[in-house]
Amino acid sequence: MFRKIKAVCFLTLFAFVSAKAQEIQHQKIENINSAYNEFNPVLSPDGNRLYFTRAGHAANIGGVIDRGDIWYSNVTDSGYTKPVHAGKVINHQGLNGVVGFSADGTRMYLLNYLDDSGNGVGTLRNGVAMSTLVNGEWSEPERLRIRYFQNDSPHMSATISRDEKVLIMAIKSYLTEGNEDLYVSFAQADGEWSQPQNLGNVINTYAEEWTPFLDHNNKKLYFASNGHGGKGSRDIFVAERMDGSWTNWSEPQNLGDAINTAGVELGFSIPFEGNTAYLSSTQDSEGLGDIVSYEMDSPIEPVVQQPAAIEVVDEPEVEATQETMVVMTFQVLDKRTEKPVSADVLFEYNGQELRVNTGQLEQNGGKFMKAFEEQTKVDVTIEAGGYLKYTEQFEAFATTQAMSNEFESGVETFFLTPEDVGTKMTLENVLFNRGSDIFSDLEVAHSQIDVVVKMMKDNPGMAIRLEGHTDNRGDARLLKKLSEDRVKAVRHYMIAEGVDGERIEFVGYGGEQPVSDNDNPTSREMNRRVEFVIIK
């Protein structure tokens, strides 16, 4: 074991020497960067405006604790103008960012979705939205209807193909390899988008894959990762599609010293025209992340990560144990508002207990850090006044979470549900076959209902009412019967999973209680829903 410790020290020295020797070819953009965190740069198709996300600024919708709003700078012959906040229409208090544009620049795709009724709050609806340019102004974003969309992470990033038919998202969803993975979704003829499909374990790792970008012919995929090795804590990699599918990829290659540094690189993007690519980097930054450019005339030379040569010294074995520690960042949020909650958090692991009161954490939105030995199974119990009790078990994995800012590390978020009688929540992905009470995807529906089952088991005094709704197309009497049959199917599953049926009332409203009009597919989809209401 003594020899292994020496090898680790040697590798650390090698990494330091390599970082000092690298010749960085990207350049910081004058007049854009600041002491705040700038990332996710995207140039408009006409090349006249550079959009990016800025976090921590007082002018953001959510103030200094806002996770990021869209800002922009105009590109002129003399350089970049002073950045301007992009306004309330395309920004809200959550994480915002530009995903991409249509070729003519009249449609902008955006991270996350929010509307005044609150339907955008939470981990399920915060997907991708589209805004249209009308008389020089961006319209209210409309959510893309991505079938069975779910993101269990507060982080999200995405890219859209230039023909607007392929969407790749960095989310934590079904069949994840670990933390955030890259998933692909395709535009359908009816205006919906297909269920996100994991790109597979050649691209995705146990760690975090973020900020995907598709090149002009949908062959090359650029993305940031801390799970493929690299120069620093997060590097830019590129992989190529090997055939017509989206799950067969070449081994990701590091873009090398010209792009990657000992810091964090994210959000590599290539504009529709021109030779200047953009990304963000923490290397020698003014704040956390800075927007930098890279001239594509200088060829990118992907490099295969080679292990450093290690000299093995013949020394006697020394029996010892070397633990790999994982530093994780946590926060507790209200499920409806996504705002920090003052809560008592109890971690139990390996016979130990750790208690944290998030109400005593005044900075960073109540985020806190804890180190665990890798692969430790941790039971967490969270209690807060006015909220339902929350329990979960997770396993600690190394994801290079080493700093307290989101640019550097992911955040494990626990969402608490208010216990107020009358609190209503939607079971987003509990969907049914047309005109039927049969789940259209049994596995997905059960995974959603299981969340409510667990909640009721954790809170034995809780009782709910299941409410079924349809759109208004069809005979009102039959629609009401259909909605009732559907919530009965949900109730039957919950009873089979061990919840006392006396705690579950049900009612079918048909199309009597719409939350939106029924004039278009998006509105009708919002009206077709199963909700639960806390009644005790």
Atom of [X], atom of [Y] and distance for their closest heavy-atom approach:
X: V128; Y: A158; value: CG2-CB, 4.5 Å
X: A129; Y: P141; value: CB-CB, 3.7 Å
X: T381; Y: K389; value: CG2-CE, 3.6 Å
X: Y72; Y: H85; value: CE2-O, 4.3 Å
X: Y109; Y: S102; value: CE1-N, 4.5 Å

Is there a donor-acceptor pair closer than 3.5 Å between any side-chain N or O of N151 and the backbone N or O of I171?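 Not a single qualifying donor-acceptor pair exists.
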Regarding [X] and [Y], is there a side-chain donor-to-acceptor distance under 3.5 Å anywhere?
X: Y174; Y: N198; value: no
X: Y493; Y: D450; value: yes
X: S447; Y: Y148; value: no
X: W71; Y: N60; value: yes

Less than 4.5 Å apart, side chain to side chain, heavy atoms only: is that true for [X] and [Y]?
X: P45; Y: D104; answer: no
X: L221; Y: W246; answer: no
X: F223; Y: S157; answer: no

Between D334 and K339, does at least one N-O distance fall below 4.0 Å, as a salt bridge requires? no
Under 4.0 Å between a Lys/Arg side-chain N and an Asp/Glu carboxylate O for E497 and K457? no
Taking side-chain hydrogen bond (donor to acceptor under 3.5 Å, both in side chains) as the test, write out the residues that go with [X], two or more places apart.
X: H492; value: none
X: D500; value: none
X: N40; value: none

Are there over 12 heavy-atom neighbours, none belonging to [X], within less than 6.0 Å of that residue's [atom1]?
X: E502; atom1: CD; result: no
X: E443; atom1: CD; result: no
X: E137; atom1: CD; result: no

For this output row, return yes or no: ring centroids of F432 and F439 closer than 6.0 angstrom.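 Close enough - the centres of the two rings lie under 6.0 Å apart.
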Can you say whether the rings of F101 and W138 are parallel (under 30°), tilted (30 to 60°) or perpendicular (over 60°)?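 It falls in the tilted class, 30° to 60°.
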Could you tell me how the ring of F330 sits relative to the ring of F347: parallel (under 30°), tilted (30 to 60°) or perpendicular (over 60°)?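 Ring orientation, 0 to 90° scale: tilted.
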Stepwise side-chain hydrogen bond (donor to acceptor under 3.5 Å, both in side chains) test for K335 and Y390: CA-CA 12 Å; K335 186 166 186 170; Y390 180 99; over 6 Å; no
Quiz item: cation-pi between K370 and F372, 6.0 Å / 45°: yes
Sequence neighbours excluded, every pair satisfying salt bridge (charged side-chain N to carboxylate O under 4.0 Å, His left out) that has a member inside [range]:
range: residues 158-173; value: R107-E164, K172-E412
range: residues 458-469; value: K424-E467, K454-D458, R465-E467
range: residues 477-486; value: K480-E512, K481-D485, E484-K488

Find the distance between CZ (F532) and CG (L427) and round it off to the nearest 0.5 Å. 6.0 Å
